[in-house]
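What you see below is based on every heavy atom in this structure, not just the backbone, and it leaves out hydrogens, waters and symmetry mates. What you are looking at is a predicted structure, and each value in this text was computed from that prediction instead of being measured.
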Amino acid sequence: MKTKVSDLIVRFFEQKGVKHAFGIIGSANAHIFDSVFHNSDIELICNHHEQACTMAVQTYWKITGVPTFALVTAGAGSSNAITGVLSAWADSIPCIVISGQENSRYITPDHDLRMYGIQGYDSPFAVSKMTKYTARIMEPERVLYELEKAWHFATTGRPGPCWLDFPMIVQSAMVEEEALPHYIPDTDLLFLGSPKIEGEALAEAVHKTLDLIRSAKRPLLWLGVGIRMAGADKQIAHLLDNLGVPALVTWSAIDLLPSSHPLVMGSAGVYGQRAANLILQSCDCLVAIGTRLAILQVGYDITELSRAAKDITVVDIDTTELKKYPDRFNHPICADAGDFIAEMLDQLETTTRPPKSEWIEWCHKVKQRFPWIGPEHDDKDGFINSYRFMNKLADVMKPDQIVVTDMGTALLSGHQALSIKPPQRLLTSQGLGEMGFGLPGAIGASIARNRGEVLCLNCDGGMMMNLQELQTIVHYQLPIKLIIFNNDGYLMIKHTQKAVLKGRYAGTDKKTGVSCPNFSKLAQAFDIPSCQIRTWEDFDREMPKVQAAAGPVICEVFMHPEQFFHPKLGVAVQADGTLISPPLEDLSPFLTRSVLAENIQVPILQKSEMIKL
């Protein structure tokens with residue numbers, strides 16, 4: 001019996017457990033759309049921009065653990081999707097993009113045409129450097145083989161997006177399903193980037209790591225989202241309890257453990273918490289598990305990272321990440337984070353727990369001296385400070401609250417000052433950090449929870465990047481509580497212009513070309529209830545209503561249009577105009593040199609001593 005290719009595509013995803021997908025129809029993907037709508041149980045969420053589709057699939061996977069697909073059409077429909085694909089590539093999100101394409105007769109591989117047919121172009125080639133696998137299916141009989149191969153690549157080793165391109169005539173073709181070839185992973189020699197160690201080799205690597213921890217006076221774990229990706233998120237608290245060593249969490253792993261856990265010391269980095277940075281720079285043994293240690297974590301000079309640590313162990317599934325800093329990452333381990341943690345737990349059952357009480361006590365004192373909210377976060381000129389807002393917001397969040405952030409204020413103050421306790425989640429785009437992620441990310445998370453509630457932290461500038469998705473929220477009546485920080489444009493870039501362009505603004509606020517609408521009036525246009533928060537009295541009155549609402553809500557928070565993001569690693573401008581790039585422990589606003597020296601267990605660098613306050 002013959003089956004239509006588009007029906008086989010949809011059935012494949014059904015068999016993989018996919019319940020929802022995201023897409024926008026066009027003439028080139030109409031057959032697949034028809035199969036989803038009329039021949040499957042998959043609900044296809046119709047966004048209003050293709051980049052929203054490829055952003056929504058990311059948070060959908062983060063909540064459900066099931067990869068899904070974005071369905072886009074040829075031409076601009078495909079090119080619009082690329083930003084989300086790059087974002088998924090940066091954050092190692094498994095997903096598949098199914099793109100429609102012009103009819104096969106217009107596609108001539110032997111001629112390097114710019115365009116195929118009416119709108120077509122070589123979309124698989126365009127995304128080939130930001131996907132794990134791409135293919136154009138020119139023969140209908142290859143449909144299952146390519147789907148199985150793409151799924152395998154997306155979910156094996158370090159995860160990532162894949163892209164399959166189906167010409168219209170292939171989608172509509174009829175094939176004998178029983179005769180179709182299948183993909184067998186063992187027969188494919190293509191390198192997946194993860195020759196991970198297992199068995200005895202893994203046991204030896206873990207044994208060496210534990211020896212390094214035991215021999216150190218100030219060992220520190222740095223835990224990343226790779227732990228959750230490996231399915232070991234439920235074991236990490238057990239590991240901390242058994243090992244008894246303090247830990248930092250990356251921004252993407254903030255929701256792995258309660259922020260109040262006695263061994264969790266916060267998040268370090270360029271925009272790290274001050275205490276966390278001081279602890280990171282004071283350790284003499286660093287073990288990073290499931291994090292790629294990006295520049296925003298390790299700072300701009302790798303030689304200054306954890307200077308007292310003779311040994312830095314990095315556990316990652318991708319050998320490319322392990323090779324970035326060979327002189328500092330002197331104990332690289334290519335392994336699955338879950339396998340590594342399981343082996344550590346096994347070995348800890350038969351060995352003594354390393355006594356590190358003095359080090360832990362010192363870490364706690366530093367945390368007490370430098371809390372998340374300090375004098376630098378005081379309200380100013382009648383505006384409420386976004387960091388204090390986040391600190392207060394945590395008190396009214398629900399036990400299972402899902403929070404999705406956009407960039408700028410929402411990202412920085414959210415990740416620096418919002419206390420999280422699992423099963424609460426904090427989701428965003430970490431690697432690409434694209435403005436506009438918040439709305440589609442919240443949609444993906446809500447759909448993943450069967451139209452469940454999501455708290456979306458956004459900014460006026462980021463809202464404008466995917467404003468059209470408000471209608472998606474309204475259409476599906478998603479209970480997304482949207483907090484919009486109004487700071488008159490692009491606040492982070494204002495600070496960049498202050499730092500490197502002597503405060504000359506261009507394209508960052510209303511006076512220099514960028515304005516945003518009245519979001520309360522906009523809410524009326526979309527028939528969404530709205531409110532405004534300008535004072536703490538407004539907060540106490542409006543936030544309970546926002547949290548109690550059964551449907552979508554827009555809540556606009558007015559903050560100082562020049563508010564600083566503190567603490568941060570910034571350049572120190574001296575009186576003579578010279579610039580000093582301080583090390584990771586020396587965050588602004590700068591501490592006095594004596595206070596800095598008193599709260600770090602290594603000598604401060606000469607460059608820090610040179611900074612005149």
Side-chain angles (χ1 to χ4, degrees), residues 6 9 21-37 44-58 60 68-90 93 95-109 111-131 133-138 146 150 161-172 429 432 434-441 443-444 462-473 475:
S6 59
I9 294 171
F22 303 85
I24 297 178
I25 195 167
S27 59
N29 66 359
H31 286 286
I32 306 175
F33 246 85
D34 181 74
S35 292
V36 175
F37 267 77
L44 187 52
I45 305 301
C46 297
N47 296 98
H48 288 277
H49 194 293
E50 286 83 2
Q51 73 171 357
C53 303
T54 48
M55 294 172 186
V57 297
Q58 299 179 49
Y60 184 90
T68 187
F69 65 98
L71 180 53
V72 300
T73 191
S78 291
S79 63
N80 282 347
I82 290 178
T83 298
V85 174
L86 179 55
S87 176
W89 173 252
I93 306 297
C95 58
I96 297 178
V97 176
I98 302 293
S99 62
Q101 184 57 274
E102 296 283 340
N103 273 324
S104 303
R105 65 178 180 274
Y106 300 122
I107 302 171
T108 53
H111 298 294
D112 195 16
L113 295 175
R114 289 191 179 188
M115 301 297 291
Y116 304 149
I118 299 173
Q119 288 182 293
Y121 74 103
D122 195 346
S123 53
F125 176 79
V127 298
S128 59
K129 292 297 184 180
M130 60 183 78
T131 51
Y133 179 70
T134 66
R136 176 175 298 113
I137 293 79
M138 298 293 286
E146 295 295 355
C162 293
W163 185 298
L164 296 180
D165 194 42
F166 287 88
M168 286 186 283
I169 198 169
V170 173
Q171 299 172 35
S172 62
S429 168
L432 187 60
E434 67 275 25
M435 289 174 66
F437 180 86
L439 275 180
I443 291 169
M463 276 293 298
M464 300 306 294
M465 299 293 179
N466 266 319
L467 191 66
Q468 74 286 337
E469 297 309 314
L470 284 175
Q471 185 57 34
T472 309
I473 292 173
H475 179 83

If you take all heavy atoms of [X] and [Y], which pair is closest and at what distance?
X	Y	result
Tyr106	Gly117	CB-N, 3.5 Å
Thr68	Ala21	OG1-CA, 3.6 Å
Ser104	Val170	OG-CG2, 4.0 Å
Ile9	Ile32	CD1-CD1, 3.9 Å

Looking at side-chain heavy atoms only, is the closest gap between [X] and [Y] below 4.5 Å?
X	Y	result
Tyr121	Glu102	no
Trp163	Ile96	no
Leu470	Met463	yes
Pro167	Met138	yes
Ile25	Leu71	no
Thr134	Cys162	no
Val97	Leu164	no
Phe22	Pro440	no

[X] and [Y]: side chain donor to acceptor below 3.5 Å:
X	Y	value
Tyr133	Glu146	yes
Thr54	Gln51	no
Ser429	Glu434	yes
Trp89	Thr131	no

Test your reading of the model: is there a side-chain donor-acceptor pair from Ser99 to the backbone of Ala74, 3.5 Å cut-off?
no

Distance in Å, [X] [atom1] paired with [Y] [atom2], rounded so as to fall on 0.5 Å steps:
X	Y	atom1	atom2	answer
Phe125	Asp165	CZ	CG	14.0 Å
Ile82	Ser123	CD1	OG	8.0 Å
Gln101	Gln119	CD	CD	10.0 Å
Cys53	Phe69	SG	CZ	11.0 Å
Asn80	Asn47	CG	CG	12.0 Å
Ile24	His48	CD1	NE2	8.0 Å

Should Gln468 and Asn466 be marked as a side chain to side chain contact (heavy atoms under 4.5 Å, CB included) after you check the CA-CA gap, both sets of side-chain angles, and the distance that decides it?
CA-CA 5 Å; Gln468 74 286 337; Asn466 266 319; 2.7 Å; yes

Side chain to side chain contact (heavy atoms under 4.5 Å, CB included) between Val72 and Ile98, intermediate numbers included
CA-CA 6 Å; Val72 300; Ile98 302 293; over 6 Å; no

Would you please test His31 and Phe166 for side chain to side chain contact (heavy atoms under 4.5 Å, CB included) and show each step?
CA-CA 10 Å; His31 286 286; Phe166 287 88; over 6 Å; no

Could you check Ser87 against Gln58 for side chain to side chain contact (heavy atoms under 4.5 Å, CB included), going step by step and ending with a plain yes or no?
CA-CA 9 Å; Ser87 176; Gln58 299 179 49; 3.2 Å; yes

Could you tell me whether Asp122 and Arg114 make a salt bridge, using a distance below 4.0 angstrom between a side-chain N and a carboxylate O?
no

